[in-house]
Amino acid sequence: MSFVSEFNALPLEALVERSTRAPLAAVRESLDQPRLSLTDFAHLISPAAGGMLEAMGRRSQVVTQQRFGKVIRLFAPLYLSNECINNCRYCGFSRDNAILRVTLSVEEVLREALELKAQGFRNLLLVAGEHPKFISNSYLVECVRALHLEVPGISLEVGPMEADEYRPIVQAGADGLVVYQETYDRAVYAGMHTSGPKRNFDWRLETPERAYAAGFRRLGIGPLYGLGDWRLEAISVAAHAAYLLRHCWKAYLTISIPRLRPCAGEFQPLTHMTDREMVQLVCAFRLLFPEVGLVLSTRESPRLRDGLIPLGITLISAGSHTEPGGYTGAGRDKLHRTERGRIIELGASEWAPSDDPRHGPSATGQFNIADERSAREVADLIRRLGYEPVWKDWDAALTA
Ligand code: SF4
């Protein structure tokens, strides 16, 4: 039985209702449990639990330090391509957005990776839109093979595939797969994904299981907060994580907590999760899953990121670019515009060739980041907070 069957049987509405209406006594009782259930988690993300944030924070901090020590792992996203055949209303890379697009060559991807390696990173997340013509399976295999010689930790965040399609990518050296469900609310999902293969909710939901079957040993999941009701998303992803911990137990699991950011297309969030609710959610995840990695990206402000580090976050990105070629200027000599899937070469007025590839127009990013500090600045901040920044997240030798 896949998680889809379990998800369909989950009393989601009742759990959300229970969370929304939980009395303080229920929150206190849940907080005292040595092992939390999904119902306890629903209580901890309730409005009533918002009044117990200090107690939750203290406990979350203790649990995190017991399991992970005073360590924060760092990673960087490396965008390979911003081509995409899907229309996801909330994403800058959506097919119908007339943005500047490019797919990096393997050599250009390697150049980006070497720049990130020089900054200290040994853990990269390769990100691409979904477009079989530009981002083929063999292209991904070649990218991973080239990078694996330089960087020990390689994860992917690309269009979902069959297990058989994932296997060569794992054999080439990738060990992690990240796939965001975006929203676990089926009605909202249908409204957000207006065309393309991503419309298939169940296929996407089963992706971590296919990735595990193919040999990935790091799995990342999460919704994108700002689409569905945040409590519904949190309860759903908690149920999903619990399922993966039971059924994909050889893998190391992470949950990301991304909130929507401004992007091309100017989509406005449908729902809102406040900073305080986000802190509450991080603590609740930590108390429910003491051993699961919690990931925070540069979508959040420096102030919030710094405040969340001691409370349960274990993995953060830093110095990020969300456009292909963002770290070195690679690919800027072959930008084009794509409108409704048609490639349109740039006109002379749009083109500003320069001897320095870091200048002139760049590919459009997926979204605007909120924390623009360099990787070095973030690492220094981590040290000032009394934690050790760790650049290498994983080594396949650990599983041998
Ligand atoms: S969210 Fe992913 S699949 Fe959707 S448009 Fe953006 S890159 Fe493409």
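In listed order, ligands and their atoms are each counted from 1. Because only heavy atoms are used, hydrogens play no part in the values below, and waters and symmetry mates are left out as well, while side chains stay in.
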Sub-4.0 Å atoms of ligand 1 with respect to non-hydrogen atoms of Gly129: 7 (S)

Cys91 N/O/S atom closer than 2.8 Å to atom 6 (Fe) of ligand 1: yes

Proximal ligand 1 atoms for Cys84, defined as those under 4.0 Å from one of its heavy atoms: 3 (S), 5 (S), 7 (S), 8 (Fe)

Ionic contact status for Glu182 with Arg204, cut-off 4.0 Å: yes

Atom indices of ligand 1, in the order listed, that fall short of 4.0 Å to a heavy atom of Cys88: 1 (S), 3 (S), 4 (Fe), 5 (S)

Closest approach of any protein heavy atom to atom 1 (S) of ligand 1, naming residue and atom: Lys198 NZ, 3.3 Å

Heavy-atom closest contact (Pro389 atom, Tyr387 atom, distance): CD-O, 3.7 Å

Subset of ligand 1 atoms that lie under 4.0 Å from at least one heavy atom of Asn86: 3 (S), 5 (S)

Salt-bridge present (Arg111, Glu115; N to O < 4.0 Å): no

Lys/Arg N to Asp/Glu carboxylate O, Arg217 vs Asp175, below 4.0 Å: no

Basic-acidic side-chain contact under 4.0 Å: Asp371, Arg373: yes

